[in-house]
Amino acid sequence: MVAEKPKRKMAKRKKKDPNKVTTTLRYRIKDASELNRLDNHARAVNFVWNYCNDTSYNAIRNHGKFLSAIDLKNLTAGSAKVLGLNSVTVQAICEEYVIRRIQFKKRKLRWRISRGSRRSLGWIPFKANSIQIKSDKICYLGHGYKTWRSRPIDGRVLSGSFSQDAQGHWYVNLACEVSKIDHKHQVEDVGIDLGLKTSAVLSDGEVIENKGEFRKLEEKLGKAQRANKKKQAKKVHAKIKNKRRDFLHKETTKVAEKYHTVFVGNVGGKFLQSGNGKSSTDASIGIIRDLLKYKAIRHSGYYFEVNENSSTVTCSTCHKETGPSGLRDLGVREWICSGCHAHHDRDVNAAKNILRFGRESLRATKVA
C-alpha cells in the first residue's frame, strides 16, 4: 500500500474588520548625523533589488519561469547580515519586486541606481516587527532616528518604510490600521466632475479651484534652472508640491465630511495631459481621487468611480444629448438644451450626470 501524503493545513486568513481602515502616517527624520547610515542602507536595498531584477529576468529568458516572491526569498536568504540589513527588509524587497513586476506586466523593471545624477531616491522597507517606536524615535537595527512628531501614531502599525525626497530629506512612513471615524454626513451623495480649469466641480455647484501653484512659481523655477542652480530648483518644486497637497488635503476632507457617498468621473490623467501638461499637473486629478477614496472610507462613507462617457453632452434634466461636443466646442462653458430649454453650466451638468450614472449603477448592482 502506498502511504497517502498528509494534507497541508491551509492557514486561515483573518477576516478584515469592516470598521478598520489602513492609513499611512509620514514623519520627517531630523537627526542629520544618522542620515549617512540610511544612505548606506538604501544602497544595500538597491543591490538586493537589482539582484532580484537580474535573477528574475535570466530565469524568464533561459527557463521560461517567472520567479515568485518565495523563490527570491530563498535565493536571498542569509544576505541580510552581509549587507547590513534586517532579514525582514530583504524579504519585503522581494515581495515588492514581484508585486511591481506583475503590476507593470514586464519581464524586467528599472534598475535602482545608487550614485550619479540619475540615482534612485532612497527607499528602505520594513515590517512592524523589525522596528521599535520610543517617544519621538523610530528604532531600526539598533539605531534610533528622531522624528518631528506632527501628530500621534494611531492604531496598530502593520508595515512601513524609510524614504527620501529629491532634496535629500529622509522620512519614515508607517502604514497603520485605524478605526473608522463615526461621522454623521450632512448630504447623502454627490457627483464630482474632474477637470483642468477647475480641479473639481460638485453636482450641487460647489467648486474646488485649480490654484495653479506651478504657474505662480514658474518664472522663479525657470530662472533657477537656467542658472543651473539645482538645489534652488528642487526647493521651488518642493514648495509647489507642498502648497498643492496642503490645499487638496483640506478641500477633500471637507467633501468626505459632508457627503456620505462620493461618485467621481473616471477621466484618465493621460487623456488630460495630452497638450495640457502643466495645467494637468496643477489640477492633480490622480491625487484628488486618491485623497477622496481613503478619506471617504475613513469617514464611514463610500467612494465609487463612474464611467463618465457622454456626461458633458447629455442634458441632466431631460437626458437628451444636446450639449456641445467635439474639440471646437471645448470653450463653450454654458449652453441651453434644445429639448427642454434648461440652462446648464458645462461642468455642473457633467457632475449631475455622474451622480445619476452612479445611482443607476448602484441600483443595477443591488438588483443583480
Side-chain angles (χ1 to χ4, degrees), residues 15-26 150-159 173-196 198-211 241 244-269 272 280 282-309 311 316 347-366 368:
K15 289 184 179 180
K16 194 172 182 180
D17 189 346
N19 296 318
K20 299 281 187 178
V21 293
T22 303
T23 186
T24 301
L25 304 177
R26 193 174 192 228
S150 54
R151 50 181 170 171
I153 298 175
D154 296 326
R156 181 169 64 95
V157 177
L158 303 175
S159 61
N173 312 291
L174 302 174
C176 302
E177 187 181 56
V178 297
S179 300
K180 289 183 179 179
I181 299 172
D182 189 12
H183 183 75
K184 291 184 178 180
H185 301 85
Q186 301 174 23
V187 184
E188 181 61 28
D189 49 16
V190 67
I192 300 179
D193 177 58
L194 304 176
L196 298 180
T198 52
S199 293
V201 176
L202 281 59
S203 55
D204 59 4
E206 290 192 29
V207 175
I208 297 178
E209 296 289 347
N210 182 350
K211 291 292 186 179
K241 178 184 175 182
R244 184 189 295 140
R245 289 191 74 94
D246 178 66
F247 172 73
L248 293 178
H249 266 292
K250 291 174 181 176
E251 294 300 315
T252 51
T253 299
K254 292 176 185 176
V255 174
E257 289 177 344
K258 184 175 180 180
Y259 304 97
H260 181 262
T261 305
V262 179
F263 298 104
V264 180
N266 66 344
V267 61
L272 291 175
S280 177
D282 266 333
S284 305
I285 288 172
I287 295 174
I288 292 175
R289 276 210 198 97
D290 292 340
L291 294 178
L292 282 174
K293 185 174 183 178
Y294 90 80
K295 289 186 178 184
I297 297 171
R298 181 76 195 279
H299 287 80
S300 303
Y302 295 94
Y303 171 92
F304 297 98
E305 287 189 14
V306 179
N307 186 352
E308 62 171 22
N309 285 344
S311 62
S316 58
D347 296 330
V348 175
N349 175 71
K352 288 179 179 178
N353 282 323
I354 289 169
L355 175 59
R356 180 169 62 87
F357 296 162
R359 287 171 174 172
E360 289 174 354
S361 63
L362 276 184
R363 289 194 203 102
T365 305
K366 289 178 180 178

Nearest heavy atoms of [X] and [Y], plus distance in Å:
X      : Y      : answer
Leu291 : Arg245 : CD2-NH2, 4.4 Å
Asn307 : Phe357 : O-CD1, 3.6 Å
Gly265 : Leu194 : O-CD1, 4.2 Å
Cys176 : Ile153 : SG-CG2, 4.1 Å

Regarding Lys295 and Thr252, is there a side-chain donor-to-acceptor distance under 3.5 Å anywhere?
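There is such a pair between these side chains.
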
Determine whether the side chains of Asn173 and Thr24 contain a donor N or O and an acceptor N or O closer than 3.5 Å.
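Per modelled atom types, Asn173 and Thr24 side chains form no pair under 3.5 Å.
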
Step-by-step side-chain hydrogen bond (donor to acceptor under 3.5 Å, both in side chains) determination, Tyr259 to Glu257
CA-CA 6 Å; Tyr259 304 97; Glu257 289 177 344; over 6 Å; no

Output yes when a side-chain donor or acceptor of [X] lies under 3.5 Å from a complementary backbone atom of [Y], and no otherwise.
X      : Y      : value
Ser203 : Lys352 : no
Arg298 : Ser179 : yes
Thr198 : Asn210 : no
His299 : Asp182 : no

Quick one: [atom1] on [X] to [atom2] on [Y], what's the gap to the nearest 0.5 Å?
X      : Y      : atom1 : atom2 : result
Ser300 : Lys184 : OG    : NZ    : 12.0 Å
Leu158 : Thr23  : CG    : OG1   : 11.0 Å
Ser311 : Leu355 : OG    : CG    : 12.0 Å
Asp189 : Phe304 : CG    : CZ    : 10.5 Å
Asn353 : Ser316 : CG    : OG    : 5.5 Å
Asp154 : Leu25  : CG    : CG    : 7.0 Å

Side-chain contact test, heavy atoms from C-beta onward, threshold under 4.5 Å: evaluate it for [X] versus [Y] and give yes or no.
X      : Y      : result
Tyr303 : Val264 : yes
Val255 : Leu292 : yes
Ile288 : Leu248 : yes
Glu305 : Phe263 : no
Val21  : Val178 : yes

Determine the interplanar angle of the Tyr294 and His249 rings, folded into 0 to 90°, and report it as parallel if under 30°, tilted if 30 to 60°, perpendicular if over 60°.
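Tyr294 vs His249 ring planes: perpendicular.
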
Classify the ring geometry between His185 and His183 as parallel (under 30°), tilted (30 to 60°) or perpendicular (over 60°).
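His185 and His183: perpendicular rings.
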
Apply side chain to side chain contact (heavy atoms under 4.5 Å, CB included) to Val207 and Leu202, showing your working.
CA-CA 6 Å; Val207 175; Leu202 281 59; over 6 Å; no

Over 12 foreign heavy atoms within 6.0 Å of NZ, Lys180
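Enclosed.
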
Between [Y] and [X], does any NZ, NE, NH1 or NH2 come within less than 4.0 Å of an OD or OE carboxylate oxygen?
X      : Y      : result
Arg363 : Glu360 : no
Lys258 : Glu206 : yes
Glu177 : Arg156 : yes

